[in-house]
Amino acid sequence: MNESSPTLPTVLITGASSGVGLYASLALTKRDWHVVMACRDLPKARAAANELGIRGDRITLLHVDLADQASVRGLVQAFRATGRSLDVLVCNAAVYQPRLEEPMRSPEGYEISVATNHFGHFLLANLLLPDLERSTWPSRRLITLGTVTANSAEFGGKVPIPAPADLGDLAGLEAGFLAPVAMIDGKRFKPGKAYKDSKLCNMIVGREFHRRHHARTGIVFNTLYPGCVADSALFRSTPRAFQVIFPWFQKNITKGYVTQALSGERVAEVVAGEDFAESGVHWSWGNRQREGRKAFSQPLSARAQDQALAERLWDASVRCVGLSAGAGAEDQAPR
Ligand code: NAP
């Protein structure tokens, strides 16, 4: 993949080797964006891009394992070495491991879904904030994928299977989040809930970025739920029967189902569309995506809007990823 489109606006998308991130890459290259696809399996990402016919001169593939903080820092260096301006960052990658009986651990020793989905993106977004600030693109944005199941203000967030997202009083996180701790609330390990908790962190942190940095930088900080992409690889670790029943249920009962291609178009809209230039919004299509319906500015649950909790979550996350207070500086040294 080459660098032959230096004048196009550039978006970096994590987890672009499949699903939402892959189709968002397709949609954005078609809109004349250059996409930096930051992926942990580059041959897989390259093959997926080729299969969709994504133009090779519109993408750059860079390696990252978001669960590994050294790898996240390496991505920042590799991105800067491309010489590109960073105009939009999309924090999209995620793991969902609902059948783990014991917590899987990241290189730093953190439970894997929080390490990947929350810490990896928290570190990346803080390290790349100065790059976004330097961009002269008229609508610089930092977009993070949230989800309906982690927002109890929406029906999907009230479903108690396996348990609703709940960060409790952050006892596990503030204790350092190392073994034997595996949950942010410090309670018993529940792998499906660990994913929901990590996505709730994504949405709270998105609001906190807006509160801390929007007025000063003008950057647009948003989160979104693109609809239920029920047949994406996110569900690869669920039981086989679930992988058949869940898409059927979402298509026919909740009507929340969305194709991977349409989810990618929605992300592209939130990245580049004029209608999405407002900062501090959680855009949620939920099951409202009937033909012609627009995205919906969705309030988060009262708990997700708890300012004191958000600040404590931010501070504890800063410690867990080895940033110093006032995170965002370019010269943050590794731990
Ligand atoms: P997906 O197809 O499984 O895509 C996830 C991507 O994340 C893949 O490219 C995967 O890479 C990558 N990834 C996983 N762990 C990584 C790591 N440690 N380092 C770097 N990349 C890693 O799932 P998806 O449905 O497109 O999900 C994308 C986003 O949408 C997630 O944030 C998810 O929470 C959100 N979302 C999805 C749904 C849904 O219904 N599917 C609903 C709401 C929100 P590999 O290819 O190497 O595994």
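Throughout, numbering of the chain's residues begins at 1 and tracks the sequence. Atoms within each ligand, like the ligands themselves, are counted from 1 in listed order. Values below: every heavy atom of this structure, side chains too, minus hydrogens, waters and symmetry copies.
Residue Tyr96 does not touch ligand 1, judged by heavy-atom distances below 4.0 Å. Using a 4.0 Å cut-off between heavy atoms, Gln260 makes no contact with ligand 1 at all.
Remark: ligand 1 atoms within the under-4.0 Å shell around heavy atoms of Leu66 are 17 (C), 18 (N), 19 (N), 20 (C). Every atom of ligand 1 with a heavy atom of Cys228 under 4.0 Å away is listed here by number and element: 40 (O). For ligand 1, the atoms sitting less than 4.0 Å from at least one non-hydrogen atom of Lys44 are 45 (P), 46 (O), 48 (O), numbered in the order shown with element in parentheses. Numbered from 1 in the order shown, with element, the atoms of ligand 1 that lie under 4.0 Å from a heavy atom of Ala67 read 18 (N). Close approach of ligand 1 to Tyr225 is summarised as follows: ligand atoms under 4.0 Å from at least one heavy atom of the residue are 42 (C), 43 (C). Remark: ligand 1 atoms within the under-4.0 Å shell around heavy atoms of Gly227 are 42 (C). The ligand atoms of ligand 1 that sit less than 4.0 angstrom from a heavy atom of Arg236 are 3 (O), 48 (O). Close approach of ligand 1 to Gly19 (heavy-atom distance below 4.0 Å) involves ligand atoms 2 (O), 26 (O).
To the nearest 0.5 angstrom, Tyr195 atom OH is 7.0 Å from Asn117 atom CG. Between atom CD1 of residue Ile204 and atom NZ of residue Lys199 there is a gap of 13.0 Å, rounded to the nearest 0.5 Å.
In terms of protein heavy atoms, atom 5 (C) of ligand 1 is closest to Ala94 O, 3.7 Å. For atom 44 (C) of ligand 1, the closest non-hydrogen atom on the protein side is Gly146 O, 3.1 Å. Scanning the protein heavy atoms around atom 18 (N) of ligand 1, the nearest turns out to be Asp65 OD1, 2.8 Å. Scanning the protein for heavy atoms near atom 37 (C) of ligand 1, the closest one is Leu234 CD2, 3.8 Å. Tyr195 OH, 3.6 Å is the protein heavy atom nearest to atom 33 (C) of ligand 1. Nearest non-hydrogen protein atom to atom 24 (P) of ligand 1 is Ser232 OG, 3.5 Å. Closest to atom 26 (O) of ligand 1 among all protein heavy atoms lies Val20 N, 2.8 Å. In terms of protein heavy atoms, atom 21 (N) of ligand 1 is closest to Ala93 CB, 3.7 Å.
Residue-ligand proximity: Gly120 is placed with every non-hydrogen atom at 4.0 Å or more from ligand 1. Ligand 1 has at least one atom lying under 4.0 Å from a heavy atom of Asn92.
Nearest heavy atoms, Val220 versus Ser139: CG2-OG, 4.2 Å. When all heavy atoms of His118 and Val205 are compared, the closest pair comes out as CE1-CG2, 3.6 Å. Closest non-hydrogen pair, Asp65 versus Val72, comes out as O-CG2, 4.0 Å. Residues Lys196 and Ala163 come closest through the heavy atom pair NZ-O, 3.1 Å.
The aromatic rings of Phe177 and Phe119 lie perpendicular to each other, with more than 60° between the two planes, well past the 30° mark. Aromatic ring orientation, His213 versus Phe221: tilted (interplanar angle from 30° to 60°).
The existence of a salt bridge linking Arg58 and Asp32 is confirmed by a sub-4.0 Å separation between a basic side-chain nitrogen and an acidic carboxylate oxygen.
Within a 6.0 Å radius of CZ in Arg188, no more than 12 heavy atoms belonging to other residues, nucleotides or ligands are found. Applying the 6.0 Å contact sphere to CD of Gln307 captures more than 12 heavy atoms from other residues, nucleotides or ligands.
Annotation: Val229 places an N or O atom under 3.5 Å from an N or O atom of ligand 1; distance criterion only. Among the atoms of Gly15, some N or O lies under 3.5 angstrom from an N or O of ligand 1. The shortest N or O to N or O distance between Thr147 and ligand 1 is not under 3.5 Å.
For Tyr257 and Trp248, the ring centers are positioned 6.0 Å apart or more. Ring centers of Tyr225 and Trp285: at least 6.0 Å apart, outside the cut-off.
For the pair Arg212 and Trp314, the cation-pi test (distance below 6.0 Å, angle within 45°) is passed.
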